[in-house]
Enquirer: 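Quick one: the structure is below, and I'll ask about it shortly.
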Amino acid sequence: MTATKPDLGTWVGKGIDRVDGPHKVTGTAPYASDITLPGMVHAVVVTSTVGAGTITKIDTSALLTLPGVRAVFTHENFPRLNAPPPVLFGEAPVAPMQDGRITFHGQEVAVVVADTPQEATEAARLIEITYAPEPALLDPADGRLEPLALSPDTSRGDTEAGWAAADVRVGATYRTPENTNNPLGLMGCVAAWDGDHLEIHDSTQGTNALRTTLAVMFGVPESGVRVRVPYLGGGFGAGLNQWPYKLLAAAAARELGRPVKLMLTRPQMFKLVGHRPNSEHQVRIGAGRDGTLTMIEHRASTLSSIDFPAVGLLTSGTPHLYNCPNVATVERTVRLNRRYPTSMRAPGEAEGNWAIETAMDELAHELGMDPLELRLRNLATDLDPATGKPWSSNAVIECCRVGAELFGWSRREPQPSSMREGDLLIGWGMAATGFFAYMPMSQARVTVYADGTAAVRSAATDIGTGTYTIITQLAADLLGLHPQQVDFQLGDSDMPASAHSGGSGLATSLSNAVIDAVTHLQGALLDLVGDDSPLHGLGPDDVVCRDGALCRRDDPSVRVPIAALLAGQGLVEASGDGRLRPPDAAATGMVHAGPYGARFVEVAIDPMIGRLRVRRVVSVTDGGRILNQKLARSQILGATVGGIGQALFEDTLTDPGTGRVANGTFGDYLVAVNADVPDVEVVFVGEPDRYTPSGTKGIGEIGLVGVAAAIGNAVFHATGRRLRDLPITVDQLMM
Ligand code: MOS
């Protein structure tokens with residue numbers, strides 16, 4: 001247990017540039033798509049053209065005569081794989097191509113391998129498949145379907161009594177569509193076997209999760225699989241699961257005895273690597289005349305595929321954000337012949353917050369109360385209302401107050417459609433947010449060298465958020481070095497095991513593992529000091545590393561150079577291994593708090609043509625200790641763009657007859673672009689969190705949460721029109 005608070009502040013927090021930036025902008029950062037191995041061949045996935053049924057015939061003989069084609073795999077000749085193991089938020093949905101069953105339109109049904117991607121693509125186009133189609137289950141209201149519980153129902157108090165006791169009540173249904181993650185980097189891999197040893201370069205968000213999955217499914221020991229991900233081109237959750245394409249490439253490579261590269265196309269990204277599934281939320285909220293909440297009921301449902309359930313988390317924030325004695329949540333899903341769902345940035349919270357924070361705005365309107373005032377009256381800041389225990393930190397009120405001040409909220413005219421500029425209707429809206437704390441296990445090794453440099457190693461991935469940089473800064477502070485003297489190596493499953501970059505969990509998990517590793521390193525260095533050393537008899541917590549020396553914590557002038565310590569034993573390096581050591585929750589008496597936020601938005605609407613412009617966003621976040629101001633701001637900025645996309649554009653359409661993705665290209669699927677994004681003011685408030693030594697909170701996802709509701713609430717303020725189904729589109733805004 002790291003008992004002593006780490007000494008941070010020289011580099012931690014500073015907005016230094018990404019240490020990996022030069023590699024990225026000069027094109028020397030190797031992504032999976034950049035990997036080329038001797039003898040490598042190329043695989044292309046063929047996907048089903050029916051939404052349900054069975055393959056009755058696949059004729060591949062003609063393909064094998066085409067130029068460059070080496071093999072065609074179908075369920076008839078694809079190797080049998082073991083069932084996927086459970087992996088936290090990262091499992092493989094299925095073992096692919098084990099039989100001829102089709103469970104969704106776009107499912108992997110064949111893999112063509114050829115000498116070039118062009119030859120494989122051409123052959124894949126010519127494959128002939130005959131199906132015995134069955135009617136696809138696509139309507140969630142279909143009576144044949146029994147809804148499944150995605151998470152246990154929660155309840156406190158008596159919601160019916162709270163409803164009866166309310167002076168003002170709102171109740172409505174809110175919907176969010178399917179969204180597709182769409183990281184810039186197309187996902188794919190290069191798999192190569194050497195005997196029974198598999199090495200795979202992939203775009204996974206979790207090297208260890210992929211290693212475990214491949215080892216189990218191919219029946220080899222974990223030590224027989226190495227996963228390499230030094231860089232990945234984003235993911236937003238699409239890289240969490242061990243999707244079939246990786247298994248197809250690895251199996252093809254084994255069968256052919258050659259390295260195989262398999263890159264998905266953009267249209268395949270819409271089908272094969274998950275999405276945020278549709279959700280529906282029935283919400284009832286009651287309050288007294290003074291705005292004090294008397295009940296919240298949140299019944300949510302979402303869509304799953306036949307073989308793989310949705311992540312859920314739709315109601316995860318609802319019991320915790322507001323003080324309210326009577327709260328109930330229910331979360332259900334139905335299984336349909338649809339694509340595999342997965343996490344997408346702020347999974348569940350982004351959808352649930354849309355429902356709850358829109359309902360709160362409706363309640364404020366019914367009460368005749370300022371929406372900000374309603375939040376301030378009810379937000380829970382000291383105690384978690386679900387458990388009654390104190391939060392490890394919670395600055396949600398400060399988020400609201402600081403945001404309101406920066407935005408100029410006090411100048412808001414309360415009546416809808418009362419703020420105008422010429423022909424434009426102006427609307428101001430806001431939303432409050434929280435996000436769960438998620439802290440999966442990570443490990444790290446910290447090594448110091450006799451030449452005064454240091455290295456940190458962990459199997460973690462940097463999804464593009466800045467993991468390379470923040471851990472370099474942290475290690476520099478802990479070791480008393482300049483960041484240029486610290487080399488952080490990651491993205492290799494042979495390194496100390498790490499959690500995925502997901503659930504906004506990695507920064508806290510990994511930073512505390514590094515703090516723990518440095519404590520152990522200091523212990524290892526103390527083992528090297530002689531009896532006559534001024535450091536003799538001290539424990540790891542009594543010393544710090546400064547300027548290449550091990551020093552007394554309480555008197556840094558008492559110091560022994562690390563190089564001399566190592567030289568004295570004939571060593572060139574010393575290491576410490578560390579891991580996240582989550583505190584005993586019961587012993588702390590605290591509830592581990594996640595990040596919080598408040599979003600304030602101004603929209604301008606031209607009612608003649610329904611044009612909506614987001615003109616201003618003020619985004620305030622309680623992110624605990626901020627490790628790098630510049631990168632943290634980038635996280636919130638990017639998430640805000642995602643939130644604008646969720647609110648106004650993103651909508652993956654499924655053909656109701658077949659289950660086909662109807663708009664699975666960047667020509668048809670709209671995302672927010674530069675012209676849609678105004679100046680966004682990003683502010684951090686709050687204190688280092690008390691739960692772990694690093695004091696950090698995850699900020700990878702919170703920035704998206706609340707943006708859609710703030711925009712929708714601004715639309716209501718501008719127009720008086722309450723829109724409850726995302727996305728908000730032009731046709732809904734014409735007056
Ligand atoms: Mo995030 S949706 O957990 O990658």
Side-chain angles (χ1 to χ4, degrees), residues 87-91 93 150-151 176 178-185 187 202-210 229 231-243 269 273-277 279 302 308-314 316-317 339-354 433-442 460-467 490-491 498-510 594-595 597 623 631-632 634-636 638-643 645-646 650 652 671 696-708:
V87 178
L88 191 63
F89 289 123
E91 62 270 53
L150 269 182
S151 59
T176 67
E178 177 173 326
N179 289 172
T180 300
N181 308 46
N182 278 315
L184 197 55
M187 296 199 155
D202 185 41
S203 35
T204 182
Q205 291 172 227
T207 56
N208 294 110
L210 178 53
V229 194
Y231 291 91
L232 73 152
F236 308 121
L240 285 174
N241 293 96
Q242 312 320 324
W243 303 112
M269 294 284 287
V273 296
H275 58 271
R276 185 197 300 282
S279 73
T302 187
F308 194 53
V311 172
L313 301 171
L314 298 161
S316 54
R339 305 163 289 285
Y340 305 129
T342 190
S343 299
M344 179 166 159
R345 205 170 193 178
E349 291 264 15
E351 300 97 296
N353 180 279
W354 158 251
T433 82
F435 195 80
F436 51 80
Y438 171 64
M439 197 167 62
M441 176 54 65
S442 284
T461 54
D462 185 338
I463 190 177
T465 45
T467 311
L490 55 67
S498 167
H500 45 225
S501 47
S504 301
L506 188 62
T508 297
S509 171
L510 192 54
L631 293 174
S634 293
Q635 282 304 290
I636 303 297
T640 304
V641 176
Q646 184 198 15
E650 297 196 42
T652 313
V671 296
T696 49
K697 298 184 179 190
I699 55 164
E701 303 180 270
I702 180 78
L704 192 148
V705 190
V707 174

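Order of listing sets the numbers, starting from 1, for every ligand and every atom in it. Numbers for residues simply follow the sequence, beginning at 1.
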Enquirer: Let me know which protein residues bring a heavy atom to under 4.0 Å of ligand 1; chain then number is fine for ordering.
Expert: Gln205, Phe236, Gly237, Leu240, Ser343, Met344, Arg345, Pro347, Ser501, Gly502, Gly503, Glu701
Enquirer: Suppose we screen for ring pair (Phe, Tyr, Trp, His ring centres under 6.0 Å). Which residues come up paired with Tyr231, at least two apart in sequence or across chains?
Expert: Tyr31, Tyr468
Enquirer: Between Ser504 and Glu701, does a side-chain hydrogen bond (donor to acceptor under 3.5 Å, both in side chains) hold up when you go through it step by step?
Expert: CA-CA 6 Å; Ser504 301; Glu701 303 180 270; 2.8 Å; yes
Enquirer: Describe, in one word, how the ring planes of Tyr340 and Phe308 are oriented to each other, choosing from parallel (under 30°), tilted (30 to 60°) and perpendicular (over 60°).
Expert: perpendicular
Enquirer: Determine whether Thr207 and Ser498 make a side-chain contact, defined as any pair of heavy atoms from C-beta on separated by less than 4.5 Å.
Expert: no
Enquirer: Answer yes or no: is there an ion pair linking Glu351 with Arg276, defined by an N-O contact shorter than 4.0 Å?
Expert: yes
Enquirer: Flag the pair Asn179 / His275 as yes when at least one side-chain heavy-atom distance between them is below 4.5 Å, and no otherwise.
Expert: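 No - every pair of side-chain heavy atoms lies 4.5 Å or more apart.
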